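One structure is given here, and the rest of the page talks about it.
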Amino acid sequence: MKIGYARVSTEDQNLSLQGDALHAAGCERIFEDRTSGAKSERQGLSDALDFMREGDTLVVWRLDRLSRSLTDLIDMVGQLESLGIGLQSIHESIDTSSSTGRLVFHIFGALAEFERNLIRERTQAGLQAARARGRVGGRPMALNSDKQKLAVRLYEEKQHTVQQICEMMNISKPTLYRYVEMARS
């Protein structure tokens, strides 16, 4: 039996493309997650693995839907193999139920990780170059310095809850805590 697994990173992304491809590939059941691939705890994936039996095949649209790390991906394939479950990736045309499919899987996985590492290195180099030129990255502060001081003062007076301060200043809790931390340092 072919069991599909689809994942998107955020709630506002759509699973339709993956779902359509999994149905076209012959999946009889599809499990879904709306969470980052970097997270190891994914309920949909856990449910799919619990549902599957020896001889079944886990089908994904792309390998990166299953895992963002080559190490995790290889561990996942090892786990599937130990359970007698195959892995099929539609986009990369990989099916680990054959020797050739396993070889191609390892090659594609290594290339995908290499590409992610190159992107990460280029991003870091660009950020370092920008810092060297005096540019500071990141999101602009939500409040100007006077409003930041007011938010910190309200926090330190302890007459309002954190939630009330955040609502008054129209900021999130992490932002408030960041302003408090900046004021203390």
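Note that the coordinates shown come from a computational prediction; the quantities given were computed from them, not determined experimentally. Sequential numbering from 1 along the given sequence is applied to the chain's residues.
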- Item | Separation of I30 CD1 from D20 CG (nearest 0.5 Å) | 8.5 Å
- Scanning both residues in full, the closest heavy-atom pair of D56 with R53 reads OD2-N, 2.8 Å
- Any chance you could measure S89, atom OG, to W61, atom CH2, to the nearest 0.5 Å? 9.5 Å
- Side-chain heavy-atom pair V60, L87 within 4.5 angstrom cut-off: yes
- Would you please say whether a donor-acceptor pair under 3.5 Å links the side chains of D47 and Q43? yes
- Message: Applying a strict under-4.5 Å side-chain criterion to I, L, V, M, F, W and Y, I'd like to know whether L103 and I94 cluster together.
- Response: no
- Message: If you define the side chain from C-beta out and look only at heavy atoms, does anything of E121 sit under 4.5 Å from Q124?
- Response: no
- Item | For A151 against L143, the heavy-atom pair lying closest together | CB-CD1, 4.4 Å
- Euclidean distance, L80 CG relative to L49 CG, rounded to 0.5 Å: 6.0 Å
- Item | Heavy-atom side-chain contact between L58 and Q88 under 4.5 Å | no
- Check for a donor-acceptor pair, side chain of D33 on one end and backbone N or O of L45 on the other, with a separation under 3.5 Å. yes
- Under 3.5 Å donor-acceptor, T96 side chain and G86 backbone: no
- So, the side chain of Q18 versus the backbone of R7: is there a donor-acceptor pair under 3.5 Å, distance only? yes
- Value rounded to 0.5 Å, distance of CG in L22 from CZ in R65: 11.5 Å
- salt bridge (charged side-chain N to carboxylate O under 4.0 Å, His left out) pairs, two or more places apart, involving residues 157-174: R153-E157
- Just wondering, are more than 12 heavy atoms of other shown residues or ligands nearer than 6.0 Å to CG in N170? no
- Group every Ile, Leu, Val, Met, Phe, Trp and Tyr by side-chain heavy-atom contacts under 4.5 Å, then state whether L17 and F31 land in the same group. no
- Heavy-atom closest pair, residues V152 and Y179: CG2-O, 3.6 Å
- Does L66 offer a backbone N or O that forms a donor-acceptor pair with the side chain of R42 under 3.5 Å? yes
- Task: Identify the two heavy atoms, one from H160 and one from Q164, that lie closest to each other, and give their separation to 0.1 Å.
- Result: CA-OE1, 3.3 Å
- Short question: side chain of E92, backbone of L63 - any donor-acceptor pair under 3.5 Å? yes
- Message: Tell me if the CZ atom of R135 is crowded by more than 12 foreign heavy atoms within 6.0 Å.
- Response: no
- Message: Assess the residue pair L150 and M169 against the criterion (side chain to side chain contact (heavy atoms under 4.5 Å, CB included)); give the C-alpha distance rounded to whole Å, side-chain angles, the decisive distance to 0.1 Å, and a yes or no.
- Response: CA-CA 9 Å; L150 174 60; M169 304 304 291; 4.1 Å; yes
- Query: Do V59 and L15 share a hydrophobic cluster (ILVMFWY, side-chain heavy atoms under 4.5 Å, transitive)?
  - Reply: no
- Can you tell me how far CG of L73 sits from OG of S67, rounded to the nearest 0.5 angstrom? 5.0 Å
- Query: With distance as the sole test, does R34 use its side chain to make a donor-acceptor pair with the main-chain N or O of Q13 at under 3.5 Å?
  - Reply: yes
- Item | Any side-chain heavy-atom pair of S172 and T175 under 4.5 Å | yes
- Message: Do F51 and M1 have side chains that approach each other closer than 4.5 Å (heavy atoms only, starting at C-beta)?
- Response: yes
- So do the side chains of L176 and Y155 get within less than 4.5 Å of each other, counting heavy atoms only? yes
- Taken to the nearest 0.5 Å, the spacing of L111 CG from I107 CD1 works out to 7.5 Å
- Query: Less than 4.5 Å apart, any side-chain heavy atom of T57 and any of I85?
  - Reply: no
